[in-house]
Protein chains: 2
Amino acid sequence: MRKIILKTMDASERIEKQKALVEYIGRMQEKEGYQPVAGRILGLLMVMDKEEFTFEEIVDEVKISKSSASVALRNLELRGVIEYVTYPGDRKKYYRLSTMDLESTLNEIEKKVIRSMDLIEQIIELKEDKNSRSVDFMRKVSKGMVFFLNHMKKFKKTYEPNMLL
Amino acid sequence: MRKIILKTMDASERIEKQKALVEYIGRMQEKEGYQPVAGRILGLLMVMDKEEFTFEEIVDEVKISKSSASVALRNLELRGVIEYVTYPGDRKKYYRLSTMDLESTLNEIEKKVIRSMDLIEQIIELKEDKNSRSVDFMRKVSKGMVFFLNHMKKFKKTYEPNMLL
DNA sequence: TTTTTAGTTCGGTACTTTGCGAACTAAAAA
DNA sequence: TTTTTAGTTCGCAAAGTACCGAACTAAAAA
(Lines give C-alpha, C1' and ligand atoms only; values in the text may rest on other atoms or scores of the structure.)
Protein backbone atom coordinates (compact mmCIF):
# COMPACT_ATOMS: atom_id res chain seq x y z
CA MET A 1 0.00 0.00 0.00
CA ARG A 2 2.66 2.42 1.13
CA LYS A 3 4.77 1.44 -1.84
CA ILE A 4 2.00 2.18 -4.33
CA ILE A 5 1.50 5.66 -2.95
CA LEU A 6 5.21 6.30 -3.12
CA LYS A 7 5.29 5.03 -6.64
CA THR A 8 2.53 7.36 -7.88
CA MET A 9 4.23 10.23 -6.12
CA ASP A 10 7.44 9.42 -7.94
CA ALA A 11 5.70 9.21 -11.28
CA SER A 12 4.02 12.60 -10.98
CA GLU A 13 7.20 14.11 -9.63
CA ARG A 14 9.07 12.62 -12.56
CA ILE A 15 6.62 14.12 -15.01
CA GLU A 16 6.91 17.50 -13.28
CA LYS A 17 10.65 17.34 -13.70
CA GLN A 18 10.31 16.34 -17.31
CA LYS A 19 8.10 19.35 -18.00
CA ALA A 20 10.59 21.66 -16.35
CA LEU A 21 13.33 20.14 -18.50
CA VAL A 22 11.25 20.74 -21.64
CA GLU A 23 11.24 24.46 -20.84
CA TYR A 24 14.94 24.46 -20.03
CA ILE A 25 15.85 22.73 -23.26
CA GLY A 26 13.58 25.16 -25.07
CA ARG A 27 15.64 28.04 -23.76
CA MET A 28 18.87 26.29 -24.71
CA GLN A 29 17.66 25.71 -28.24
CA GLU A 30 16.67 29.37 -28.50
CA LYS A 31 20.32 30.20 -27.94
CA GLU A 32 21.15 27.76 -30.74
CA GLY A 33 19.07 29.83 -33.12
CA TYR A 34 15.66 28.19 -32.90
CA GLN A 35 12.54 30.22 -32.29
CA PRO A 36 11.02 29.75 -28.81
CA VAL A 37 8.13 27.58 -29.94
CA ALA A 38 10.41 25.33 -32.00
CA GLY A 39 12.79 24.98 -29.08
CA ARG A 40 10.06 23.80 -26.74
CA ILE A 41 8.72 21.34 -29.29
CA LEU A 42 12.21 19.89 -29.54
CA GLY A 43 12.37 19.71 -25.77
CA LEU A 44 9.06 17.87 -25.68
CA LEU A 45 10.20 15.30 -28.23
CA MET A 46 13.45 14.78 -26.34
CA VAL A 47 12.36 14.36 -22.76
CA MET A 48 8.82 13.02 -22.56
CA ASP A 49 8.12 9.32 -22.45
CA LYS A 50 5.99 9.28 -25.56
CA GLU A 51 8.06 8.53 -28.65
CA GLU A 52 5.79 10.04 -31.27
CA PHE A 53 3.51 13.03 -30.92
CA THR A 54 0.62 13.97 -33.17
CA PHE A 55 0.13 17.52 -34.29
CA GLU A 56 -2.74 17.95 -31.86
CA GLU A 57 -0.80 16.56 -28.90
CA ILE A 58 1.99 19.02 -29.60
CA VAL A 59 -0.50 21.87 -29.77
CA ASP A 60 -1.96 20.80 -26.42
CA GLU A 61 1.28 20.04 -24.62
CA VAL A 62 3.22 23.11 -25.67
CA LYS A 63 0.08 25.26 -25.44
CA ILE A 64 0.43 26.97 -28.79
CA SER A 65 -1.90 27.70 -31.67
CA LYS A 66 -2.25 25.34 -34.60
CA SER A 67 -0.67 27.92 -36.88
CA SER A 68 2.41 28.34 -34.71
CA ALA A 69 2.77 24.59 -34.45
CA SER A 70 2.44 24.20 -38.19
CA VAL A 71 5.14 26.77 -38.93
CA ALA A 72 7.54 25.55 -36.26
CA LEU A 73 7.16 21.90 -37.25
CA ARG A 74 7.81 22.68 -40.88
CA ASN A 75 10.98 24.57 -39.97
CA LEU A 76 12.24 21.82 -37.71
CA GLU A 77 11.59 19.31 -40.44
CA LEU A 78 13.39 21.41 -43.05
CA ARG A 79 16.38 21.63 -40.75
CA GLY A 80 16.28 17.84 -40.47
CA VAL A 81 16.04 17.64 -36.69
CA ILE A 82 12.59 16.08 -36.64
CA GLU A 83 10.70 13.85 -39.01
CA TYR A 84 7.20 12.49 -39.16
CA VAL A 85 5.87 9.06 -39.85
CA THR A 86 2.41 8.06 -40.96
CA TYR A 87 0.43 4.87 -40.51
CA PRO A 88 -1.89 3.24 -43.04
CA GLY A 89 -5.51 4.18 -42.52
CA ASP A 90 -4.50 7.12 -40.32
CA ARG A 91 -4.34 10.61 -41.71
CA LYS A 92 -2.35 12.03 -38.79
CA LYS A 93 1.31 12.88 -38.84
CA TYR A 94 3.38 11.42 -36.03
CA TYR A 95 6.35 13.61 -35.24
CA ARG A 96 9.54 12.41 -33.61
CA LEU A 97 13.22 13.25 -33.42
CA SER A 98 14.87 12.30 -36.66
CA THR A 99 17.48 9.60 -36.46
CA MET A 100 20.08 11.65 -38.16
CA ASP A 101 23.03 9.91 -36.67
CA LEU A 102 26.30 11.26 -35.42
CA GLU A 103 27.93 10.83 -38.81
CA SER A 104 25.82 13.47 -40.53
CA THR A 105 26.28 15.85 -37.61
CA LEU A 106 30.02 15.36 -37.90
CA ASN A 107 29.86 16.05 -41.63
CA GLU A 108 28.07 19.31 -40.90
CA ILE A 109 30.79 20.35 -38.47
CA GLU A 110 33.45 19.39 -41.00
CA LYS A 111 31.85 21.52 -43.71
CA LYS A 112 31.67 24.46 -41.36
CA VAL A 113 35.34 24.17 -40.46
CA ILE A 114 36.32 23.92 -44.12
CA ARG A 115 34.31 27.05 -44.94
CA SER A 116 36.10 28.89 -42.13
CA MET A 117 39.46 27.78 -43.50
CA ASP A 118 38.58 29.07 -46.95
CA LEU A 119 37.58 32.40 -45.49
CA ILE A 120 40.84 32.68 -43.57
CA GLU A 121 42.73 31.94 -46.76
CA GLN A 122 40.86 34.73 -48.54
CA ILE A 123 41.57 37.20 -45.76
CA ILE A 124 45.29 36.42 -45.75
CA GLU A 125 45.43 36.77 -49.51
CA LEU A 126 44.13 40.33 -49.24
CA LYS A 127 46.54 41.40 -46.50
CA GLU A 128 49.34 43.75 -47.42
CA ASP A 129 51.74 42.56 -44.76
CA LYS A 130 51.82 38.78 -44.67
CA ASN A 131 53.95 38.78 -41.51
CA SER A 132 51.67 40.75 -39.24
CA ARG A 133 50.38 39.62 -35.87
CA SER A 134 46.94 38.94 -37.26
CA VAL A 135 48.18 36.90 -40.22
CA ASP A 136 50.33 34.85 -37.85
CA PHE A 137 47.31 34.27 -35.70
CA MET A 138 45.16 33.25 -38.63
CA ARG A 139 47.74 30.81 -39.91
CA LYS A 140 47.91 29.31 -36.46
CA VAL A 141 44.14 28.90 -36.38
CA SER A 142 44.17 27.46 -39.87
CA LYS A 143 46.83 24.88 -39.02
CA GLY A 144 44.88 23.97 -35.94
CA MET A 145 41.87 23.39 -38.14
CA VAL A 146 43.83 21.06 -40.40
CA PHE A 147 44.83 19.04 -37.33
CA PHE A 148 41.26 19.03 -36.18
CA LEU A 149 39.97 17.77 -39.51
CA ASN A 150 42.51 14.94 -39.49
CA HIS A 151 41.40 13.87 -36.06
CA MET A 152 37.79 13.99 -37.18
CA LYS A 153 38.70 11.65 -40.01
CA LYS A 154 40.26 9.20 -37.54
CA PHE A 155 37.26 9.59 -35.28
CA LYS A 156 34.92 8.68 -38.10
CA LYS A 157 36.98 5.58 -38.80
CA THR A 158 37.00 4.45 -35.16
CA TYR A 159 33.31 5.13 -34.86
CA GLU A 160 31.25 2.13 -35.81
CA PRO A 161 27.54 2.83 -35.22
CA ASN A 162 26.65 -0.78 -34.40
CA MET A 163 29.36 -1.10 -31.75
CA LEU A 164 27.77 1.71 -29.78
CA LEU A 165 24.63 -0.15 -28.84
CA MET B 1 56.15 53.48 -64.75
CA ARG B 2 53.65 50.94 -65.95
CA LYS B 3 54.45 48.81 -62.97
CA ILE B 4 53.78 51.61 -60.50
CA ILE B 5 50.37 52.31 -61.99
CA LEU B 6 49.55 48.65 -61.88
CA LYS B 7 50.67 48.49 -58.30
CA THR B 8 48.44 51.36 -57.18
CA MET B 9 45.56 49.82 -59.09
CA ASP B 10 46.12 46.57 -57.27
CA ALA B 11 46.21 48.28 -53.91
CA SER B 12 42.92 50.09 -54.36
CA GLU B 13 41.35 46.99 -55.81
CA ARG B 14 42.63 45.02 -52.85
CA ILE B 15 41.11 47.50 -50.44
CA GLU B 16 37.82 47.34 -52.31
CA LYS B 17 37.83 43.58 -51.93
CA GLN B 18 38.69 43.86 -48.28
CA LYS B 19 35.72 46.14 -47.69
CA ALA B 20 33.41 43.73 -49.46
CA LEU B 21 34.78 40.94 -47.29
CA VAL B 22 34.09 43.01 -44.17
CA GLU B 23 30.42 43.14 -45.12
CA TYR B 24 30.34 39.46 -45.97
CA ILE B 25 31.90 38.47 -42.67
CA GLY B 26 29.47 40.79 -40.95
CA ARG B 27 26.58 38.83 -42.41
CA MET B 28 28.19 35.53 -41.42
CA GLN B 29 28.65 36.68 -37.85
CA GLU B 30 25.02 37.79 -37.72
CA LYS B 31 24.12 34.15 -38.34
CA GLU B 32 26.43 33.24 -35.46
CA GLY B 33 24.32 35.36 -33.14
CA TYR B 34 26.05 38.73 -33.26
CA GLN B 35 24.15 41.91 -33.92
CA PRO B 36 24.79 43.45 -37.36
CA VAL B 37 27.00 46.26 -36.10
CA ALA B 38 29.08 43.89 -33.98
CA GLY B 39 29.49 41.53 -36.91
CA ARG B 40 30.86 44.24 -39.16
CA ILE B 41 33.24 45.48 -36.50
CA LEU B 42 34.58 41.94 -36.22
CA GLY B 43 34.91 41.82 -39.99
CA LEU B 44 36.86 45.07 -39.97
CA LEU B 45 39.29 43.82 -37.33
CA MET B 46 39.77 40.58 -39.23
CA VAL B 47 40.38 41.69 -42.78
CA MET B 48 41.82 45.19 -42.89
CA ASP B 49 45.56 45.78 -42.84
CA LYS B 50 45.54 47.87 -39.70
CA GLU B 51 46.09 45.77 -36.60
CA GLU B 52 44.52 48.04 -34.02
CA PHE B 53 41.60 50.41 -34.46
CA THR B 54 40.65 53.31 -32.22
CA PHE B 55 37.05 53.88 -31.23
CA GLU B 56 36.83 56.79 -33.66
CA GLU B 57 38.28 54.82 -36.56
CA ILE B 58 35.72 52.11 -36.00
CA VAL B 59 32.92 54.68 -35.92
CA ASP B 60 34.18 56.16 -39.20
CA GLU B 61 34.92 52.92 -41.03
CA VAL B 62 31.77 51.05 -40.09
CA LYS B 63 29.71 54.26 -40.38
CA ILE B 64 27.84 53.90 -37.11
CA SER B 65 27.06 56.21 -34.24
CA LYS B 66 29.31 56.45 -31.22
CA SER B 67 26.60 54.94 -29.05
CA SER B 68 26.20 51.89 -31.28
CA ALA B 69 29.94 51.44 -31.38
CA SER B 70 30.18 51.73 -27.62
CA VAL B 71 27.50 49.09 -27.01
CA ALA B 72 28.77 46.69 -29.68
CA LEU B 73 32.39 46.94 -28.54
CA ARG B 74 31.44 46.29 -24.94
CA ASN B 75 29.49 43.19 -25.97
CA LEU B 76 32.30 41.87 -28.14
CA GLU B 77 34.71 42.40 -25.30
CA LEU B 78 32.45 40.64 -22.80
CA ARG B 79 32.27 37.69 -25.16
CA GLY B 80 36.06 37.68 -25.29
CA VAL B 81 36.44 37.95 -29.05
CA ILE B 82 38.08 41.36 -28.99
CA GLU B 83 40.27 43.16 -26.50
CA TYR B 84 41.72 46.61 -26.27
CA VAL B 85 45.17 47.83 -25.42
CA THR B 86 46.24 51.23 -24.20
CA TYR B 87 49.50 53.12 -24.51
CA PRO B 88 51.11 55.36 -21.90
CA GLY B 89 50.27 59.00 -22.40
CA ASP B 90 47.41 58.10 -24.74
CA ARG B 91 43.86 58.03 -23.48
CA LYS B 92 42.51 56.14 -26.48
CA LYS B 93 41.54 52.50 -26.50
CA TYR B 94 43.04 50.42 -29.30
CA TYR B 95 40.79 47.54 -30.21
CA ARG B 96 41.97 44.34 -31.85
CA LEU B 97 41.03 40.69 -32.09
CA SER B 98 41.83 38.98 -28.84
CA THR B 99 44.54 36.38 -28.98
CA MET B 100 42.46 33.73 -27.43
CA ASP B 101 44.28 30.84 -28.95
CA LEU B 102 42.99 27.54 -30.21
CA GLU B 103 43.40 25.90 -26.84
CA SER B 104 40.81 28.07 -25.14
CA THR B 105 38.46 27.66 -28.09
CA LEU B 106 38.85 23.91 -27.77
CA ASN B 107 38.15 24.12 -24.06
CA GLU B 108 34.94 26.00 -24.83
CA ILE B 109 33.87 23.29 -27.24
CA GLU B 110 34.74 20.63 -24.69
CA LYS B 111 32.65 22.32 -22.01
CA LYS B 112 29.73 22.57 -24.39
CA VAL B 113 29.93 18.88 -25.24
CA ILE B 114 30.16 17.95 -21.57
CA ARG B 115 27.10 20.06 -20.78
CA SER B 116 25.22 18.27 -23.56
CA MET B 117 26.21 14.91 -22.14
CA ASP B 118 24.98 15.92 -18.69
CA LEU B 119 21.69 16.98 -20.17
CA ILE B 120 21.29 13.68 -22.00
CA GLU B 121 22.00 11.86 -18.76
CA GLN B 122 19.30 13.87 -17.02
CA ILE B 123 16.80 13.16 -19.76
CA ILE B 124 17.48 9.42 -19.66
CA GLU B 125 17.15 9.41 -15.88
CA LEU B 126 13.64 10.82 -16.16
CA LYS B 127 12.49 8.35 -18.82
CA GLU B 128 10.05 5.68 -17.78
CA ASP B 129 11.16 3.15 -20.39
CA LYS B 130 14.94 2.95 -20.51
CA ASN B 131 14.86 0.71 -23.58
CA SER B 132 12.92 2.96 -25.93
CA ARG B 133 14.06 4.10 -29.35
CA SER B 134 14.84 7.58 -28.07
CA VAL B 135 16.88 6.38 -25.11
CA ASP B 136 18.85 4.11 -27.43
CA PHE B 137 19.46 7.04 -29.69
CA MET B 138 20.57 9.25 -26.83
CA ARG B 139 22.94 6.65 -25.51
CA LYS B 140 24.42 6.37 -28.98
CA VAL B 141 24.92 10.12 -29.15
CA SER B 142 26.39 10.14 -25.67
CA LYS B 143 28.87 7.40 -26.50
CA GLY B 144 29.81 9.28 -29.63
CA MET B 145 30.50 12.31 -27.48
CA VAL B 146 32.78 10.30 -25.20
CA PHE B 147 34.73 9.21 -28.27
CA PHE B 148 34.86 12.77 -29.46
CA LEU B 149 36.16 14.07 -26.14
CA ASN B 150 38.91 11.44 -26.13
CA HIS B 151 39.98 12.50 -29.58
CA MET B 152 39.99 16.12 -28.49
CA LYS B 153 42.29 15.15 -25.66
CA LYS B 154 44.67 13.50 -28.11
CA PHE B 155 44.40 16.51 -30.37
CA LYS B 156 45.36 18.83 -27.56
CA LYS B 157 48.40 16.67 -26.83
CA THR B 158 49.56 16.63 -30.46
CA TYR B 159 49.00 20.34 -30.74
CA GLU B 160 52.01 22.30 -29.67
CA PRO B 161 51.46 26.03 -30.24
CA ASN B 162 55.08 26.83 -31.04
CA MET B 163 55.36 24.10 -33.67
CA LEU B 164 52.61 25.72 -35.71
CA LEU B 165 54.54 28.84 -36.62
C1' DT C 1 39.39 77.57 -14.96
C1' DT C 2 37.47 76.53 -19.30
C1' DT C 3 37.60 73.67 -23.28
C1' DT C 4 38.43 69.58 -25.67
C1' DT C 5 38.75 64.69 -26.08
C1' DA C 6 37.12 60.08 -25.59
C1' DG C 7 33.92 57.78 -24.74
C1' DT C 8 29.16 56.11 -21.92
C1' DT C 9 24.31 56.14 -20.80
C1' DC C 10 19.54 57.10 -21.74
C1' DG C 11 15.15 57.55 -24.23
C1' DG C 12 12.83 56.99 -28.21
C1' DT C 13 11.88 55.48 -32.99
C1' DA C 14 12.03 52.20 -36.59
C1' DC C 15 12.50 47.70 -37.91
C1' DT C 16 12.08 42.61 -37.09
C1' DT C 17 10.32 38.60 -35.09
C1' DT C 18 6.85 35.90 -32.93
C1' DG C 19 2.67 33.87 -32.50
C1' DC C 20 -2.18 34.32 -32.86
C1' DG C 21 -6.96 33.92 -34.99
C1' DA C 22 -9.58 33.47 -39.03
C1' DA C 23 -10.17 31.87 -43.35
C1' DC C 24 -8.85 28.30 -46.24
C1' DT C 25 -7.83 23.33 -48.42
C1' DA C 26 -7.99 18.55 -49.06
C1' DA C 27 -9.21 14.15 -47.60
C1' DA C 28 -12.15 11.11 -44.94
C1' DA C 29 -16.47 10.14 -42.54
C1' DA C 30 -21.32 10.40 -42.10
C1' DT D 1 -23.70 15.53 -50.51
C1' DT D 2 -22.61 17.61 -46.25
C1' DT D 3 -19.78 17.51 -42.21
C1' DT D 4 -15.73 16.60 -39.74
C1' DT D 5 -10.86 16.10 -39.33
C1' DA D 6 -6.14 17.51 -39.92
C1' DG D 7 -3.60 20.65 -40.94
C1' DT D 8 -1.85 25.16 -43.93
C1' DT D 9 -1.64 29.98 -45.22
C1' DC D 10 -2.32 34.86 -44.45
C1' DG D 11 -2.67 39.32 -42.18
C1' DC D 12 -2.08 41.56 -38.19
C1' DA D 13 -1.01 42.97 -33.29
C1' DA D 14 2.25 42.67 -29.62
C1' DA D 15 6.78 42.08 -28.10
C1' DG D 16 11.53 42.42 -28.73
C1' DT D 17 15.86 44.27 -30.86
C1' DA D 18 18.92 47.56 -33.06
C1' DC D 19 20.48 51.86 -33.72
C1' DC D 20 20.51 56.70 -33.35
C1' DG D 21 20.97 61.46 -31.30
C1' DA D 22 21.31 64.09 -27.24
C1' DA D 23 22.76 64.69 -22.83
C1' DC D 24 26.17 63.31 -19.79
C1' DT D 25 30.98 62.10 -17.37
C1' DA D 26 35.72 62.05 -16.42
C1' DA D 27 40.25 63.03 -17.68
C1' DA D 28 43.55 65.83 -20.20
C1' DA D 29 44.84 70.07 -22.60
C1' DA D 30 44.79 74.92 -23.11
Side-chain angles (χ1 to χ4, degrees), chain A residues 22-45 50 52-79 81-96 98, chain B residues 22-45 50 52-79 81-96 98:
Chain A
V22 168
E23 297 298 318
Y24 177 70
I25 289 177
R27 266 149 27 221
M28 283 189 74
Q29 300 293 344
E30 268 183 71
K31 278 176 205 148
E32 297 296 316
Y34 291 100
Q35 40 176 164
V37 164
R40 285 150 82 205
I41 292 175
L42 268 183
L44 189 80
L45 299 184
K50 209 190 283 273
E52 293 170 353
F53 284 78
T54 66
F55 185 89
E56 227 197 323
E57 285 167 343
I58 290 169
V59 164
D60 290 352
E61 290 282 333
V62 187
K63 290 175 183 50
I64 50 178
S65 69
K66 289 205 297 170
S67 54
S68 303
S70 180
V71 171
L73 288 169
R74 197 200 312 127
N75 289 339
L76 286 169
E77 218 208 314
L78 285 173
R79 293 224 209 180
V81 286
I82 66 168
E83 61 190 11
Y84 64 82
V85 287
T86 50
Y87 296 99
D90 186 347
R91 197 150 40 110
K92 285 180 188 162
K93 294 175 177 179
Y94 291 83
Y95 289 94
R96 62 183 194 186
S98 81
Chain B
V22 168
E23 297 299 316
Y24 177 69
I25 289 177
R27 267 153 22 225
M28 283 188 74
Q29 300 293 344
E30 268 183 72
K31 278 174 205 148
E32 297 297 315
Y34 291 99
Q35 41 176 166
V37 164
R40 285 151 81 207
I41 290 175
L42 267 184
L44 188 80
L45 298 185
K50 209 191 285 273
E52 293 170 352
F53 284 76
T54 66
F55 184 90
E56 229 198 321
E57 284 167 343
I58 290 169
V59 164
D60 290 352
E61 289 283 333
V62 188
K63 289 175 184 51
I64 51 178
S65 69
K66 290 206 294 171
S67 53
S68 305
S70 179
V71 171
L73 288 169
R74 196 198 314 130
N75 289 339
L76 286 170
E77 218 208 312
L78 284 173
R79 293 224 208 181
V81 286
I82 66 168
E83 62 191 10
Y84 65 82
V85 286
T86 50
Y87 296 100
D90 186 347
R91 200 154 35 118
K92 285 179 189 163
K93 293 175 177 180
Y94 291 83
Y95 289 93
R96 62 183 194 189
S98 79

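Excluded from the calculations below are hydrogen atoms, water molecules and symmetry mates; all remaining heavy atoms, backbone and side chain alike, are included. Residue numbering restarts at 1 for every chain, and letters A, B, ... go by the order of the sequence lines.
The separation between B/Y87 atom OH and C/dT5 atom P is 22 Å, rounded to whole Å. Between the CZ atom of B/R40 and the P atom of D/dA18 there is a distance of 14 Å, rounded to whole Å. Rounded to an integer number of Å, the gap from B/N75 CG to C/dT9 P is 11 Å. Atom P of nucleotide D/dT8 and atom CZ of A/R74 are separated by 7 Å, given to the nearest angstrom.
Under the salt bridge (charged side-chain N to carboxylate O under 4.0 Å, His left out) criterion, the residue pairs touching residues 81-93 of chain A are A/E83-A/R96, with sequence neighbours excluded.
In this structure, the helix from C/dT1-D/dA30 to C/dA30-D/dT1 shows an angle of 10° between the axis at its start and the axis at its end, each fitted on 5 base pairs and rounded to 10°.
With a 4.5 Å cut-off on side-chain heavy atoms, B/Y34 and B/R79 count as touching.
Annotation: the span from A/L78 atom CG to A/L73 atom CG amounts to 11.0 Å, rounded to 0.5 Å. How far CG of B/N75 is from CD1 of B/I41: 9.5 Å, rounded to the nearest 0.5 Å.
Legend: residues meeting side-chain hydrogen bond (donor to acceptor under 3.5 Å, both in side chains) with A/D60, ordered by chain and number and at least two apart, are absent. Listed by chain and residue number, nothing satisfies the side-chain hydrogen bond (donor to acceptor under 3.5 Å, both in side chains) test with A/E61 (two or more places apart in sequence, or in another chain). Scanning for side-chain hydrogen bond (donor to acceptor under 3.5 Å, both in side chains) contacts around B/K66 gives an empty result, with sequence neighbours left out. Under the salt bridge (charged side-chain N to carboxylate O under 4.0 Å, His left out) criterion, B/E57 pairs with B/K50, not counting sequence neighbours. A/E77 meets the salt bridge (charged side-chain N to carboxylate O under 4.0 Å, His left out) test with no other residue; sequence neighbours excluded. Evaluation of the side-chain hydrogen bond (donor to acceptor under 3.5 Å, both in side chains) rule for B/S98 yields no partner, not counting sequence neighbours. Residues passing the side-chain contact (heavy atoms from CB on, under 4.5 Å) test with B/S68, sequence neighbours excluded: B/I64, B/S65.
When each of A/V37 and B/D90 is assigned the nucleotide of DNA chain C with its nearest heavy atom, B/D90 is the one assigned upstream, toward the 5' end.
Smallest separation of non-hydrogen atoms from B/L76 and B/A38: CD1-O, 3.8 Å.
Interface residues of residues 56-73 of chain A facing DNA chain D, ordered by number: A/K66, A/S67, A/S70; criterion, heavy-atom separation under 4.0 Å. Taking a 4.0 Å limit (strictly below) on heavy-atom distances, residues 27-35 of chain A does not reach DNA chain D anywhere.
With B/Y24 as the aromatic partner, B/R40 does not meet the cation-pi criteria of under 6.0 angstrom to the ring centre and within 45 degrees of the ring axis.
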Atom pairs, protein N/O to nucleotides 25-30 of chain C N/O, distance under 3.5 Å:
none

